[in-house]
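Take a look at the structure below.
Within every chain, numbering begins at 1; the chains are lettered A, B, ... in the order of the sequence lines, protein sequences first and strands thereafter.
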Number of protein chains: 2
Amino acid sequence: MQTDTRSVREKIRAAAVQLFAEMGYHAAPLRDIASLAGIQAASIYYHYPSKQALLVEIMDTHMRQLNAHLEKILAQPGSVVERLYAAIASHIRLHTTYKAEFFIIDTEIRALEGENREKILALRDEYEHLLQRLLQEGVEQGVLQPTDVKVASFAVIAMCTEVASWFRAQGRLTVQQVIDIYSQIIAQGLVRHPERKQEESERT
Amino acid sequence: MQTDTRSVREKIRAAAVQLFAEMGYHAAPLRDIASLAGIQAASIYYHYPSKQALLVEIMDTHMRQLNAHLEKILAQPGSVVERLYAAIASHIRLHTTYKAEFFIIDTEIRALEGENREKILALRDEYEHLLQRLLQEGVEQGVLQPTDVKVASFAVIAMCTEVASWFRAQGRLTVQQVIDIYSQIIAQGLVRHPERKQEESERT
DNA sequence: GTCTATATCGGGATAGAC
DNA sequence: GTCTATCCCGATATAGAC
């Protein structure tokens with residue numbers, strides 16, 4: 001046990017992350033956030049102009065981080081499939097490392113007021129577009145299945161995002177194991193096609 | 001334009017569904033729900049004991065409906081793969097038909113108080129277990145890829161559930177098209193393996 | 001920078017008339 | 001069954017001392 005060296009601002013933010021995730025934005029009283037941070041409610045206003053500003057900062061920070069990681073991956077050399085695996089790994093790694101933060105992003109978009117909402121949604125759109133561009137490239141190259149790229153991007157993002165809801169750091173699986181399982185599901189699907197040659201799948 | 005034949009209770013519930021979905025449970029004032037239903041806020045209490053009861057009824061109804069549909073599908077004859085396709089179709093069909101209701105189920109679990117939360121979570125667990133049993137059977141039969149059945153069930157449910165967030169009835173795709181696209185992604189994955197025979201996939 | 005005290009408001013819920 | 005009127009509480013935010 002050593003003394004807490006985080007700045008008050010950081011403590012407030014961490015407390016907000018915890019309570020927004022546990023109770024939801026509207027249900028989390030500023031007094032409780034302050035209490036968790038070890039100060040009085042009024043003191044928060046020296047560091048943040050409003051409760052809403054706290055929410056926006058949390059969402060903005062990690063959406064930008066998510067986008068930055070994906071941009072870096074897409075800019076790297078390597079095949080579409082390799083970059084897709086890297087994208088999946090990055091998404092899951094961030095969503096497990098910043099579990100609460102991304103859970104908030106995923107569930108509290110509605111709590112954003114006015115232009116804050118537009119701003120965060122624009123970042124989310126950007127992320128989706130980056131992934132869609134990769135998938136599109138793969139489909140055109142013929143290395144990915146011909147599919148609806150928009151829908152496929154939603155599917156991949158949804159399943160990888162939801163890891164933040166159920167993953168437990170001390171649970172049965174490591175992050176790497178989760179990444180491997182998801183990668184395989186996304187790449188090959190669930191249905192086994194043993195030595196498929198010419199014959200069609202049984203699907204109508 | 002004909003007269004509204006829905007009971008007042010139904011109107012209240014429909015209004016609650018709309019506003020809970022649009023604004024979130026805590027952000028939706030009972031006065032607005034009443035106004036949408038064409039009555040005064042106090043009149044709601046003749047039909048429902050509390051705001052919370054309204055939320056519980058909405059969630060409970062549709063979680064039970066979802067489970068009932070899946071149970072029926074699993075009890076039918078047919079291969080695991082056929083039943084999996086039927087399960088996906090059922091999930092997506094319900095999540096697009098009752099888009100707002102399932103969006104609420106997906107985002108407002110935290111708003112449930114005390115034992116209400118346990119009750120709804122138990123229903124969700126039940127659904128997951130039903131799907132897991134099907135997947136497990138498929139893996140054991142060798143018709144599904146060897147995978148982590150729990151994680152696979154989360155992945156399938158997450159991606160199919162999120163359809164409720166983006167689907168628009170008047171949008172580019174019909175429900176059936178969405179079902180077909182998702183079925184293919186879940187079954188075969190995104191990576192193409194042209195005439196794969198013995199050679200391994202390029203994945204490390 | 002943090003505190004105490006408080007302004008101000010909107011929310012769910014209730015009482016009781018009709 | 002639905003209304004009007006209102007209770008009562010907890011919420012964000014502000015004022016101003018220290």
Residue pairs passing the ring-ring contact (aromatic ring centres under 6.0 Å, His included) test with at least one member in residues 103-138 of chain B, sequence neighbours excluded, are B/H91-B/Y127

* To do: State whether a side-chain donor-acceptor pair under 3.5 Å links B/D180 with B/Q184.
  => no

Here the residues of residues 9-19 of chain B within 4.0 Å heavy-atom distance, strictly under, of DNA chain C are none

So, A/E128 versus A/S153: side-chain donor-acceptor pair below 3.5 Å or not?
no

task: Would you indicate whether the side-chain heavy atoms of B/C160 and B/I186 approach each other to under 4.5 Å?
output: yes

Numerically ordered, the residues 109-116 of chain A set in heavy-atom contact under 4.0 Å with DNA chain C is none

From CD1 of B/I44 across to P of D/dT4 the rounded distance in Å is 14 Å

Worksheet entry | Backbone of A/N67 reached by a side-chain donor or acceptor of A/E126 within 3.5 Å | no

Here the gap from A/I92 atom CD1 to A/F102 atom CZ, rounded to the nearest 0.5 Å, amounts to 12.5 Å

- Can you tell if the side chain of B/Q65 reaches within under 4.5 Å of the side chain of B/E101, non-hydrogen atoms only? no

Taken to the nearest whole Å, CE/A/M23 to C1'/D/dG10 is 12 Å

Might you list the N or O atoms of the protein lying below 3.5 Å from N or O atoms in nucleotides 10-12 of chain C, with each pair's distance?
residue	atom	partner	partner atom	Å
C/dG12	OP1	B/A28	O	3.4
C/dG12	OP1	B/L30	N	3.3
C/dG12	OP1	B/K51	NZ	2.7
C/dG12	OP2	B/L30	N	2.7
C/dG12	N7	B/R31	NH1	3.1
C/dG12	O6	B/R31	NH2	3.0

A/D148 and B/R172, any side-chain heavy atoms less than 4.5 Å apart = yes

Bend of the helix from C/dG1-D/dC18 to C/dC18-D/dG1 from end-axis comparison, five pairs per end, nearest 10°, comes to 0°

From NE2 of B/H47 across to C1' of C/dA13 the rounded distance in Å is 16 Å

Tell me whether the side-chain N/O atoms of A/S43 come closer than 4.0 Å to OP1 or OP2 in C/dC3. yes

### Task
Please confirm whether the backbone N or O of B/E57 pairs with a side-chain atom of B/T61, one donor and one acceptor, at under 3.5 Å?
yes

In this structure, NZ of A/K99 is separated from CZ of A/F167 (nearest 0.5 Å) by 8.5 Å

When rounded to whole Å, the OH to C1' distance for the pair B/Y46 and C/dG16 reads 16 Å

Rounded to the nearest 0.5 Å, the CG atom of B/L66 sits from the OG1 atom of B/T161 at a distance of 7.5 Å

(message) With a 4.5 Å cut-off on side-chain heavy atoms, are A/L70 and A/L134 touching?
(response) no

Note: contacts of residues 34-42 of chain B with DNA chain D (heavy atom, under 4.0 Å) are B/I39, B/Q40, B/A42

(Q) Closer than 4.0 angstrom, basic N to acidic O: yes or no for B/R110 and A/E108? (A) yes

Six-ring centre of B/Y25, B/K51 cation under 6.0 angstrom, axis tolerance 45°: yes

Please examine the side chains of A/E137 and A/R83, heavy atoms only from C-beta on, and report whether any two atoms are closer than 4.5 Å. yes

